[in-house]
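Each ligand, and each atom within it, is numbered from 1 in the order the structure gives. This structure is a prediction, so every number in the text was calculated from the model and none was measured. Counting from 1, the numbers follow the sequence of the chain as shown.
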Amino acid sequence: MEEFNVGVVGAGYVGLVTGACLAHVGHRVRCVDKNEARVAELAEGRVPIYEPGLEELVARGRKRLSFSTDLPGAVRDSDVLFIAVDTPPGEGGSADLSSVGAVARSVGRALAEAERERAREKPLVVVNKSTVPVGSGDYVSMLVREGAQEVDGGNVPYRVVSNPEFLREGSAVYDSLFPDRIVLGAEKRDALDTMRALYQPIVEQSFPTQLDPRPRDAVPFVTTDLASAEMIKYAANAFLATKISFINEMAALCELVGADVTNVATGIGLDDRIGARFLNAGIGWGGSCFPKDVAALRAVAREYGHEPALLDATVSVNERQRKAVIQKLQRDLRTLKGKRVALLGLAFKPNTDDLREAPSLEIARLVNSLGARVVGYDPVAGKGAAAMLPDLKVVFDPYEALAGAHAAVVVTEWEEVRSLDPEKAASLMEDPKLLVDGRNVLDPAAALDAGLLYRGFGRG
Ligand SMILES: NC(=O)c1ccc[n+]([C@@H]2O[C@H](COP(=O)([O-])OP(=O)(O)OC[C@H]3O[C@@H](n4cnc5c(N)ncnc54)[C@H](O)[C@@H]3O)[C@@H](O)[C@H]2O)c1
């Protein structure tokens, strides 16, 4: 295998995992972040985010993995430089490209300086891994060029490639080493060849690892133009969000007609054309990607005078699911004033500490504004949630959250929540011992037998 010098700018969920995995398969990687505290922590061997398997991978990759705040140094020494910085929602939902733009301009300046010192030979391959709207490849290219011109107006050799990321928080390491596909968009063939060689150990699954010793097929490598690669990322997330909103629409109908959406999902999911995943009805999608990516795609549509009717509906169904939690609480508690409500799970999904756009935050705010006291449990994200919501009491044991609660809401299906003992829960809770299962993961019959007032989503 050909060994590359790789720079990764942005040592967050995507950048750090990408860097650690590329080091694991044999490349020399330098992760660069502007956050000095984060870089110092990483340099001391501490991993600032919770992601299963990541700490171990970073520790094992020490010889080939380094951390720094020095972007020009990474530009000078890298064959391939990934941009993996944040692209939060900006005005009107469109993606805020200020971090990407700042990096691109600095890359241009650093390239021009390296060129002056004759420190580089081949063109630098600049890879957009951040999720960015169509046209961002050209935008980054323009900013690199402008950055270089600020230094000496000279031509600098570089290529821009789009390489959208599909990892899921909670299984990010696994997804990066054993991906469903790798998507690459570029206008120049040589850049694609470099990327193919870089990813060869992953595409061929030829790297030695104890992480998943099962033999695997080659990973599909999809090459296309820049715009299509950028669209693939948005289309994938918009489709998944729509699939969840679809089953939530069915759940609302199931409640009206007396059907059980979990059985409906099983029945339709066995159809290969539909597939069983992403058909779990409940309080809907959140997190750092779906809300912002769907919003950005809707903003792109409107930029072109197109009304994205389906995407609009996907979002409004999702907003309805949060309100449905409050309605379920109100139906059985009547007034929320003076009541205690436990939120079981706070992270936007299990196995992560990420709270960006977590449904728990909105539900906690709504419940609190209606006069109830909210106590939240999460095995990992508790501290972060407490810092964000001063009115939220955070505990680290699910039964402590349930003690004295009139109602509990399953918000995040952590294993600790799925395996809740209904008898113990009922013995600790106050009447009416309402359990709103926002993820349809608990056994309704066992809950009812234990004396809990069970309410799922779309379950008759
Ligand atoms: N988190 C996910 O599950 C996921 C999945 C697929 C794609 N993405 C996309 O990947 C991108 C990164 O997401 P993330 O969740 O890793 O973000 P993050 O916020 O966890 O990390 C971003 C990092 O970039 C650093 N940064 C910002 N500006 C910088 C600069 N000018 N120079 C150096 N470092 C800088 C920040 O300090 C931070 O550490 C986003 O576009 C996101 O949409 C995320």
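The protein heavy-atom contact nearest to atom 33 (C) of ligand 1 is K34 N, 3.2 Å. Counting protein heavy atoms only, atom 12 (C) of ligand 1 is closest to V85 O, 3.4 Å. When only non-hydrogen protein atoms are considered, atom 23 (C) of ligand 1 lies nearest to D33 OD2, 3.6 Å.
Relative orientation of the F290 and W285 rings is perpendicular, given thresholds of 30° and 60° on the angle between their planes.
Of the candidates K292, E165, K349, it is E165 that places a heavy atom closest to atom 6 (C) of ligand 1.
Taking a 4.0 Å cut-off on heavy atoms, R168 fails to register as neighbouring ligand 1.
Counting heavy atoms closer than 4.0 Å to ligand 1, residue C289 contributes side-chain atoms (C-beta onward) but none from N, CA, C or O. Using a 4.0 Å cut-off between heavy atoms, K233 contacts ligand 1 through its side chain alone, with no backbone atom that close. When heavy-atom distances to ligand 1 are checked against a 4.0 Å cut-off, S130 comes that close through both its backbone and its side chain. Only the side chain of V9 comes within 4.0 Å of ligand 1, judged by heavy-atom distances. Only side-chain heavy atoms of V103 come within less than 4.0 Å of ligand 1; its backbone N, CA, C and O stay farther off.
Contacts classified as side chain to side chain donor-acceptor pair (under 3.5 Å) and involving residues 31-44 (residues at least two apart or in different chains) are given here: E44-R46.
Listed by number with element, the atoms of ligand 1 under 4.0 angstrom from any heavy atom of T87 are 40 (C), 41 (O), 43 (O). For ligand 1, the atoms closer than 4.0 angstrom to any heavy atom of R356 are 15 (O), 17 (O), 18 (P), 19 (O), 20 (O). Residue contact check: S99 has heavy atoms under 4.0 Å from atoms 28 (N) of ligand 1.
By the 6.0 Å contact criterion, CZ on F396 is enclosed, its count of non-hydrogen atoms from other residues, nucleotides or ligands being greater than 12.
No hydrogens or angles considered: nothing links the side chains of D86 and Y13 as a donor-acceptor pair under 3.5 Å.
Evaluation of the side-chain hydrogen bond (donor to acceptor under 3.5 Å, both in side chains) rule for R168 yields S171, D175 as partners, not counting sequence neighbours.
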